[in-house]
Amino acid sequence: MRAMHLNRERIKELAAESGFDMAGVVPARALMEEGSRLVEWLHLGYHGEMAWMERNPAMRADPREVFPGARSVVAVALNYFTPHEHEGTEGKISRYAWGDDYHDVMRERLRELLDRICDEEPEARGRACVDTAPVMDKAWAVRAGIGWLGKHSNVITKEAGSWVFLGEILLNLEFDNYDEPIADHCGTCTACLEACPTQAITAPYVVDSRRCISYGTIELRAEELPPVIAENLEGWLYGCDICQDVCPWNRFERPTAEVRFEPRQGATSITSDEILSLSREEYVERFRRSAIKRAKLGGLKRNATHLKEARK
């Protein structure tokens with residue numbers, strides 16, 4: 001249905017009122033080019049053991065498969081940068097996981113935004129999506145002009161660099177005008193490719209997860225890390241920010257207004273000895289409502305063991 005009381009600019013105002021730093025509105029169409037690249041990436045096996053990515057690639061490329069009746073996609077971004085540093089060189093945690101689980105924060109704000117939209121357009125219907133839904137978050141952020149896809153495969157924004165969480169609302173509303181993509185501003189820079197210690201960025205915009213420290217320390221369920229990762233952890237316990245840390249665009253980083261992204265217990269690093277001494281009960285208590293629980297206790301202890309061995 002065509003929106004009667006809302007337009008693109010009002011949607012973006014409502015997104016700001018809901019706490020988002022950036023937003024864009026685009027038609028809900030199939031992502032043909034992006035979908036083809038996803039299929040090629042999967043064919044190369046670059047997803048590693050993330051078998052869930054193989055399921056329904058056609059659904060990932062078309063929001064109307066996820067939410068029948070979708071006419072528009074509201075893409076949003078939330079800055080998560082906090083001005084802290086790692087306490088030491090061992091047991092480093094990726095910045096995105098310092099605070100509360102972003103899924104919870106993003107879902108809460110997306111639902112608030114959807115409620116605001118429905119208040120102004122009573123016939124509006126929609127579905128809020130964080131990265132657990134089969135939706136190509138980065139592709140929609142790029143389509144909506146929030147940022148461009150960096151050579152490290154993260155979305156880069158002019159306003160906050162690449163330290164942003166992404167989400168969408170799939171809407172049954174159609175608007176008279178939409179946002180457009182912005183230019184790619186990476187230029188000739190290859191800092192992220194050169195800095196990756198495992199050469200996981202095999203080409204600009206292409207990451208082989210099987211070589212990626214973030215994938216290995218978070219998603220991989222194997223008892224041992226592959227040698228290419230284990231021998232190049234550089235102190236990372238959970239995730240890795242190297243490619244973002246060296247990105248020149250992150251000189252525009254600015255502190256988030258969301259206090260829930262502040263480091264939990266003030267921790268930006270956790271030593272291997274501390275992880276190896278954790279009981280199941282202590283693990284559950286410490287990482288409740290934290291993204292770090294994604295790695296599970298066994299994964300964290302495996303990572304910590306490799307870090308401890310590297311100290312010898």
Side-chain angles (χ1 to χ4, degrees), residues 47-53 55 78-82 84-88 90-111 128-135 137-138 154 162-167 207 209-210 212-226 229-230 233-242 244 256 258-308:
H47 58 303
E49 295 184 10
M50 295 183 289
W52 48 270
M53 297 198 71
R55 296 194 290 270
L78 178 59
N79 172 26
Y80 66 84
F81 179 80
T82 60
H84 303 286
E85 302 293 337
H86 292 108
E87 291 91 15
E90 189 207 64
K92 294 182 289 187
I93 301 168
S94 181
R95 185 179 295 276
Y96 89 89
W98 287 357
D100 289 351
D101 192 333
Y102 70 96
H103 296 93
D104 298 333
V105 178
M106 288 290 289
R107 193 174 293 115
E108 175 187 305
R109 293 198 174 197
L110 283 165
R111 287 172 177 165
C129 303
V130 193
D131 67 2
T132 51
V135 176
D137 300 309
K138 292 186 281 189
N154 297 297
S162 60
W163 309 114
V164 292
F165 294 129
L166 306 174
V207 174
S209 298
R210 298 168 300 182
C212 177
I213 293 172
S214 282
Y215 163 78
T217 56
I218 299 173
E219 300 291 343
L220 187 64
R221 299 294 178 244
E223 291 185 8
E224 299 292 331
L225 292 174
I229 294 177
L233 282 172
E234 298 195 4
W236 291 97
L237 171 73
Y238 180 94
C240 173
D241 290 334
I242 292 174
Q244 297 189 82
T256 179
E258 176 53 77
V259 297
R260 287 175 288 182
F261 294 150
E262 287 290 326
R264 291 159 60 104
Q265 301 181 19
T268 59
S269 305
I270 307 175
T271 67
S272 56
D273 289 335
E274 187 176 355
I275 291 295
L276 291 171
S277 68
L278 278 180
S279 67
R280 170 67 58 177
E281 293 73 21
E282 290 169 332
Y283 160 80
V284 170
E285 178 62 28
R286 175 155 190 174
F287 298 116
R288 181 178 287 112
R289 299 181 68 82
S290 163
I292 296 176
K293 64 182 180 295
R294 174 74 178 174
K296 304 188 183 303
L297 179 57
L300 290 176
K301 290 200 172 189
R302 173 203 60 197
N303 301 342
T305 298
H306 282 293
L307 288 177
K308 191 168 185 177

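- Distance NZ/Lys138 to CG/Asn154: 5.5 Å, rounded to 0.5 Å.
- Taking NE2 of His47 as the reference point, atom CD of Glu219 lies at 12.0 Å (rounded to 0.5 Å).
- A salt bridge links Asp101 with Lys293: the closest approach of a Lys/Arg side-chain nitrogen to an acidic carboxylate oxygen falls below 4.0 angstrom.
- The existence of a salt bridge linking Glu108 and Arg111 is excluded, since no basic side-chain nitrogen approaches an acidic carboxylate oxygen closer than 4.0 Å.
- Side chain of Thr256 to backbone of Thr82: no donor-acceptor contact under 3.5 angstrom is found.
- Not counting sequence neighbours, the partners of Phe261 by the ring-ring contact (aromatic ring centres under 6.0 Å, His included) test are Phe165.
- Of the charged side-chain nitrogens involved, none lies within less than 4.0 Å of a carboxylate oxygen, so that Arg286 and Glu281 do not count as a salt-bridged pair.
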Next on the checklist: Go through it in stages, so that I can follow the logic: the residues are Tyr102 and Asp131, the test is side chain to side chain donor-acceptor pair (under 3.5 Å), and I'd like the CA-CA distance, side-chain angles, deciding distance and then a yes or no.
Outcome noted: CA-CA 10 Å; Tyr102 70 96; Asp131 67 2; 2.4 Å; yes
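- A distance of 13.5 Å separates SG of Cys240 from CD1 of Ile93, quoted to the nearest 0.5 Å.
- In terms of modelled atom types and a separation under 3.5 Å, the side chain of Ser279 and the main chain of Glu282 share a donor-acceptor contact.
- The only member of His84, Glu87, Lys92, Glu85 that meets side-chain hydrogen bond (donor to acceptor under 3.5 Å, both in side chains) when paired with Thr268 is Glu87.
- With hydrogens and angles disregarded, a donor-acceptor distance shorter than 3.5 Å links the side chain of His306 to the backbone of Leu225.
- Using a distance-only test at 3.5 Å, with no hydrogens or angles considered, no donor-acceptor pair links the side chain of Asn79 to the main chain of Val164.
- Residue Ile218 holds its CD1 atom at 8.0 Å from SG of Cys212, rounded to the nearest 0.5 Å.
- If you take CD1 on Ile270 and CG on Leu300, they are separated by 7.5 Å, rounding to the nearest 0.5 Å.
- A donor-acceptor contact shorter than 3.5 Å is absent between the side chain of Asp137 and the backbone of Leu166.
- No donor-acceptor pair closer than 3.5 Å links the side chain of Tyr96 to the backbone N or O of Ala291.
- Side chains of Glu90 and Thr271: a donor-acceptor N/O pair is absent below 3.5 angstrom, by distance only.
- Closest of all the heavy-atom pairs between Arg95 and Asp241 is N-OD2, 2.7 Å.
- By the salt bridge (Lys or Arg N to Asp or Glu O under 4.0 Å) test, Glu258 pairs with Arg109, Arg260, sequence neighbours left out.
- Annotation: cation-pi geometry not satisfied between Arg264 and Trp98 (NZ/CZ under 6.0 angstrom from ring centroid, within 45° of ring axis).
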